[in-house]
Structure formats: structure tokens, C-alpha cells
2 protein chains.
Amino acid sequence: MTLERPYSRPLKQLNSVGLRPTSQRMIIAKILFDGTDKHVTAEMLHYEVLKSQKKVSLATVYNTLHLFTELGLLREIIVASDCSYFDTNTSNHYHFYHEDTQELIDIHENDIRIDRLPTPPEGSQITRVDVVVKVGKKSR
Amino acid sequence: MTLERPYSRPLKQLNSVGLRPTSQRMIIAKILFDGTDKHVTAEMLHYEVLKSQKKVSLATVYNTLHLFTELGLLREIIVASDCSYFDTNTSNHYHFYHEDTQELIDIHENDIRIDRLPTPPEGSQITRVDVVVKVGKKSR
DNA sequence: GTGTTTGCAAAGTGTTTGCAATTTA
DNA sequence: TAAATTGCAAACACTTTGCAAACAC
């Protein structure tokens, strides 16, 4: 935890993409960019915000998550059709998705390898490769 | 196309999982299991149904898609948070997802390979591996 | 007949939007 | 003060559900 400079990283992140550091964004950025990798849903983040400081509307949370994603500060991960996750680690990596707990867990780059990527259909190019390894409770 | 025995395959599929071959299910099964691999959304399927024969309610389409999926006749594929695809090919394979056309395209088993699958977290086991290769229009 | 299946319309979910009020630079 | 941002509540898209009528066996 970066207790010694709790504001510098969030501020830098906002400045780096040219967003005004409003109080709502700072609160959100402070939670997201604390130096550790996080996977959050809009609801989870909203809850964290309410827990930590003054109120930020859910609409603003959604807005901010999408803004951050467009600007490259976050990466959206689709695992289920009923909720989106956002990942503060924007580098190339994949995920475990625990079907029982709905938890998203990083798979480190070295722990999986895809070789022989397929040629994309005529006229298209690969923009991204998503890998989700679904896991469940061990049966026995 | 299996024009010669248009009903046998759908009927067999329904029988094989012990579902009553109601007219609605037969209509749906006939569209889905025509011998070719298909990727459909509930809306697409509903549209196909209406186009081909008498009416089946959207609720029943949803119901049937989920029933078929639970019983192993279909596989659900999550590519975007706002719509689910169902794949008539239930064997292990992955997909291209065209971000511009929302089209889902099979990647054949031989065209991609994942080696070194990661060890799942303590107490869990891998239930499935989903790979979606997102593609977009070639830029130049 | 009895249990299953269907269709409708209503309810539900997560998400987005329009707009007036507020805040930032 | 001009432009950006926020919050609210309404609107949204997709999906699910409750229940009475219809159907399959």
C-alpha cells in the first residue's frame, strides 16, 4: 500500500489523460490506483466509494469507468452477460473466473501460452485476445 | 444441407435429452440443428422462427435456448455484455468476434493452441477455457 | 387426467441518457 | 464565464418470471 503518497498516483493518472481531477474522479482513482491490481464491477466500486468518503452517484461511477477505459487507464473484461469487470492492470494477461464466487483472478503471463494464433478473416485484424479460464469448486 | 431428412436430426436431439418434442421445440431445433454449425442470439433465433413458420414467443425462445444449453445441446458464448450467443457446435473450439459486425466465427482447433494451462487456484478445478479473439476492420 | 409447456405481460437487472444544477479552470 | 462534470430520475435493452390456458403422453 502506498500510504505515504496517497494522492500522487491518482492525480498523475488523471493528468496523464487530460481529465480534470474533480473530487469524484479523485475518490475513484484513489481507490482504483492504489498500486495493486484490482478487478472491480461498477457496483463494487460504488460500494467502495460510499464506504470511504462522500457520495458519488452510480451514474458517475459508470461514466468514470468507461472514460478511464477509453483513455486506457482500465481494461474491461467480459466474463458474464450480467456484469462487467474493469481491470486496473492494462497489460496483456488473462484471467481465471471462479463461477461460484464470481471472482476474477489474474493468470500470470508466464503461466499460459497461446502459440499459433489464427489468421483473422479477410480484411480484419486482431485487436485483442481474451482468455477466460472458468473454474469451479473442486468436486471431490 | 440435409434436405432429405429435415426432421430426423432435431427429433433425435430432443429425444436424446428427454425433452418432449413440442411444435415450438421442433421448430427451433430444426433451425438450429440443420447439420451446420450456427451461432445465434435469442433475437436472431426468434427472427428466424417467425420467418420460417408459425409464431413462437420470445420467452419460449429464451427458455428453450437455456434448456438446450443445460442439456448440452448448445454452448453459450459470452462476447459482449449486452447479448449472449449460443453455439450449436459444443465441442472444444474458440472464436473470432468481429467488433464491427458483431459476427462470431469459429476458430478451428488446429489454428490455435494453448499450451501450459495454468494451475487453477487452490480448491478449484478448470471447467472450461474460453478464448475470444477480437478482430476489427483492417486499418489500411 | 396429469404433469409439462407455452404465451403473455409484468417485473427485473445492469446500464445509459437527458437535462438542470454545480463545479472547474 | 465558458466548458466540463455531476446527480437524479427516467429510459433502456435484454432477460426472466408468474400464472392461466393449452398441450403431450
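What you see is a predicted model, and the numbers here were worked out from it, not measured in a lab. Numbers restart at 1 for each chain; the letters A, B, ... are given by sequence-line order, proteins then strands.
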| said: Can you confirm if the aromatic rings of A:H66 and A:F86 lie within a centre distance of less than 6.0 Å? | reply: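 Under 6.0 Å, so yes.
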| said: Heavy atoms only, 4.0 Å cut-off, all strands: where does A:T41 land among base, sugar-phosphate and nothing? | reply: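 No contact at all - A:T41 keeps every heavy atom at 4.0 Å or more from the nucleic acid.
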| query | Which part of the nucleic acid does A:S81 contact within heavy-atom distance under 4.0 Å: base, sugar-phosphate only, or nothing? | reply |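 If one applies the 4.0 Å heavy-atom cut-off, A:S81 turns out to touch nothing in the nucleic acid.
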For [X] and [N], give me the distance from atom [atom1] to atom [atom2], rounded to whole Å.
X	N	atom1	atom2	value
A:H46	C:dT13	NE2	P	17 Å
B:L19	C:dT5	CG	P	7 Å
A:I27	C:dT23	CD1	P	13 Å
A:L14	C:dT24	CG	P	13 Å
B:L71	C:dT4	CG	P	14 Å

Hey, does the side chain of [X] reach the backbone of [Y] with a donor-acceptor pair shorter than 3.5 angstrom?
X	Y	result
A:T69	A:L65	yes
B:D106	B:H108	no
A:N89	A:D37	no
A:T64	A:T60	yes
B:R116	A:N110	yes
A:H39	A:L104	yes
A:T88	A:K38	yes

| query | Taking both distances under 3.5 Å as the test for a Watson-Crick or G-U pair, what stems of at least three pairs does DNA chain D have? | reply |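 Counting only runs of 3 or more consecutive pairs, the stems involving DNA chain D are C:1-25 with D:1-25.
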| query | 5'-most contact on DNA chain D: A:R20 or B:S84, nearest heavy atom basis? | reply |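 Result of the comparison: A:R20.
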| A:T22 or B:T22: which one's nearest nucleotide on DNA chain C is closer to the 5' end? |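 Between the two, 5'-proximity favours B:T22.
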| said: Let's see if you get this right: which residues in residues 56-68 of chain B place a heavy atom under 4.0 Å from DNA chain C? | reply: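 Hits under 4.0 Å, by residue number: B:V56, B:S57, B:A59, B:T60.
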| query | Going through the distances and angles, do B:I114 and B:V131 end up as a side-chain contact (heavy atoms from CB on, under 4.5 Å)? | reply | CA-CA 10 Å; B:I114 300 186; B:V131 177; 3.6 Å; yes
| field | A:D87 side chain to A:H95 side chain, donor-acceptor N/O pair below 3.5 angstrom | value |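 On atom types as modelled, these side chains qualify, holding a pair under 3.5 Å.
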| message | Under the criterion side-chain contact (heavy atoms from CB on, under 4.5 Å), I'd like the reasoning laid out for B:L74 against B:F33: C-alpha separation, chi angles, the key distance, then a yes or no. | response | CA-CA 10 Å; B:L74 295 175; B:F33 309 121; 4.0 Å; yes
| said: Check the phosphate of C:dT6 against B:R25, side-chain N and O only, distance under 4.0 Å to OP1 or OP2. Yes or no? | reply: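 So the side-chain polar atoms of B:R25 do come within 4.0 Å of the phosphate oxygens OP1 or OP2 of C:dT6, strictly under.
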| query | Just the endpoints, please: which first and last nucleotides of DNA chain D, 5' to 3', lie under 4.0 Å from a heavy atom of chain B? | reply |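 Counting from the 5' end, contacts occupy D:dC14 to D:dC25.
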